[in-house]
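Written out below as structure tokens is the structure these notes cover.
Just so you know, residue 1 is the first one in the sequence shown, and it goes up from there.
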Amino acid sequence: MDLQLNGKVAVVTGGSKGIGLAITRAMVAEGVRVVAGARSEGPDLAELASAGNVHPVAVDLTAPDGPARLIDEAVRAFGGIDILVNNVGAAQVRLDGFLAVTDEDWANSLSVNFLSAVRTIRAALPHLLERTPATIVTVSSVNAFLPDPVVIDYSAAKAALSNLCKSLSKEFGPRGLRVNMVSPGPVETAA
């Protein structure tokens with residue numbers, strides 16, 4: 001199927017493994033030039049990069065300046081952005097219940113599962129709006145609307161992320177920026 005993505009530029013966060021790597025592979029197969037941001041490149045992403053059309057960027061997206069550095073690198077490498085895929089995320093199972101989740105646990109979960117996307121979107125928006133029609137796709141979770149107490153902080157962060165995407169779709173949809181969210185259930189990927 002031709003998705004009419006040939007020649008587009010995408011930024012994929014968390015693009016070195018799991019869902020992000022699968023997204024990167026699928027986009028490359030459609031002719032998309034992908035900037036894949038992750039803490040480390042990993043062998044699978046390195047292999048895709050050596051074949052062309054993938055520009056890996058080693059970046060910590062939980063660092064306040066990380067998302068802007070990723071977007072700046074994408075614009076430098078390919079001249080602009082047509083698609084942003086917010087995929088980075090992580091859940092920590094917490095069997096001891098709500099009272100055992102510390103402020104540090106909450107801050108870490110919100111940083112990786114929510115603020116990394118907020119910052120990446122904020123950095124990418126001016127570039128996406130220059131190339132409308134453009135797209136933001138955010139990977140949330142089934143836990144955003146079916147919360148689970150063993151991942152309570154993750155569930156809350158993903159609920160916030162889903163709410164953000166709905167708000168952005170209302171604000172920027174009329175300007176040619178499509179904002180979508182997908183909410184996969186449990187996915188087992190290589191560590």
Side-chain angles (χ1 to χ4, degrees), residues 5 8-93 105 107-125 127-128 134-141 143-144 151 153-154 157-158 160-161 164-165 179-184 186-191:
L5 297 175
K8 300 286 185 183
V9 175
V11 172
V12 179
T13 68
S16 66
K17 59 185 176 180
I19 293 172
L21 181 61
I23 291 167
T24 299
R25 282 185 175 131
M27 289 203 167
V28 167
E30 289 294 325
V32 178
R33 295 174 291 167
V34 179
V35 175
R39 287 186 181 178
S40 61
E41 186 174 304
D44 294 322
L45 189 57
E47 183 181 328
L48 279 174
S50 70
N53 282 350
V54 175
H55 181 75
V57 176
V59 61
D60 180 356
L61 293 167
T62 64
D65 65 337
R69 286 191 299 111
L70 175 62
I71 297 302
D72 288 347
E73 182 63 26
V75 172
R76 255 192 308 280
F78 295 121
I81 304 168
D82 302 291
I83 303 163
L84 170 62
V85 180
N86 289 303
N87 167 69
V88 73
Q92 175 68 44
V93 175
D105 294 334
N108 288 337
S109 189
L110 287 167
S111 180
V112 72
N113 295 300
F114 180 64
L115 290 176
S116 64
V118 168
R119 293 173 178 138
T120 306
I121 292 167
R122 187 172 43 223
L125 264 172
H127 304 287
L128 291 165
T135 302
I136 296 173
V137 177
T138 298
V139 179
S140 183
S141 170
N143 293 119
V151 288
D153 49 332
Y154 173 81
K158 290 298 189 173
L161 185 61
L164 170 70
C165 291
V179 180
N180 291 316
M181 179 198 61
V182 293
S183 296
V187 176
E188 185 175 339
T189 61

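- Residues His55 and Ala77 approach most closely at CD2-CB, 4.1 Å, considering heavy atoms.
- Considering all non-hydrogen atoms of both residues, Ala123 and Ala68 come closest at CB-CA, 3.8 Å.
- Considering CG of Asp82 and CZ of Arg33, their distance stands at 8.0 Å, rounded to 0.5 Å.
- Between the CG atom in Asp153 and the CD atom in Gln92 there is a gap of 8.5 Å [rounded to 0.5 Å].
- Atom CD1 of residue Ile121 and atom CG of residue Leu128 lie 9.5 Å apart, to the nearest 0.5 angstrom.
- Of all heavy-atom pairs between Ala36 and Thr24, the closest is CB-OG1, 4.3 Å.
- Using a 4.5 Å cut-off on side-chain heavy atoms (C-beta onward), Asn113 and Leu161 make no contact.
- In this structure, Leu164 CG and Ile136 CD1 are separated by 8.5 Å, a value rounded to the nearest 0.5 Å.
- A donor-acceptor contact shorter than 3.5 Å is absent between the side chain of Thr62 and the backbone of Val112.
- In this structure, Pro184 and Ser140 approach most closely via the heavy-atom pair CD-O, 3.7 Å.
- Note that CG of Leu21 and CD1 of Ile19 are 11.0 Å apart. Values are rounded to the nearest 0.5 Å.
- With sequence neighbours excluded, the residues satisfying side chain to side chain contact (heavy atoms under 4.5 Å, CB included) with Thr13 are Leu61, Leu70, Asn86, Asn87, Val88, Thr120.
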Original post:
Can you list the steps and then say if Asn53 with Val34 is a side-chain contact (heavy atoms from CB on, under 4.5 Å)?
Top reply: CA-CA 6 Å; Asn53 282 350; Val34 179; over 6 Å; no
**OP:** Mind running side-chain contact (heavy atoms from CB on, under 4.5 Å) on Met27 and Ile83 for me, showing each step along the way?
**Re:** CA-CA 10 Å; Met27 289 203 167; Ile83 303 163; 3.8 Å; yes
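- Considering every non-hydrogen atom in both Pro67 and Ala63, the closest pair reads CD-O, 3.2 Å.
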**OP:** Mind running side-chain contact (heavy atoms from CB on, under 4.5 Å) on Leu84 and His127 for me, showing each step along the way?
**Re:** CA-CA 10 Å; Leu84 170 62; His127 304 287; over 6 Å; no
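- Closest of all the heavy-atom pairs between Val93 and Val151 is CA-CG1, 4.2 Å.
- Within the 4.5 Å cutoff, side-chain heavy atoms of Val139 are placed close to those of Ile23.
- Taking CZ from Arg119 and OG from Ser111, the interatomic distance works out to 5.5 Å, rounded to the nearest 0.5 Å.
- Side-chain N or O atoms of Lys17 include none that pairs as donor or acceptor with a backbone N or O of Leu45 at under 3.5 Å.
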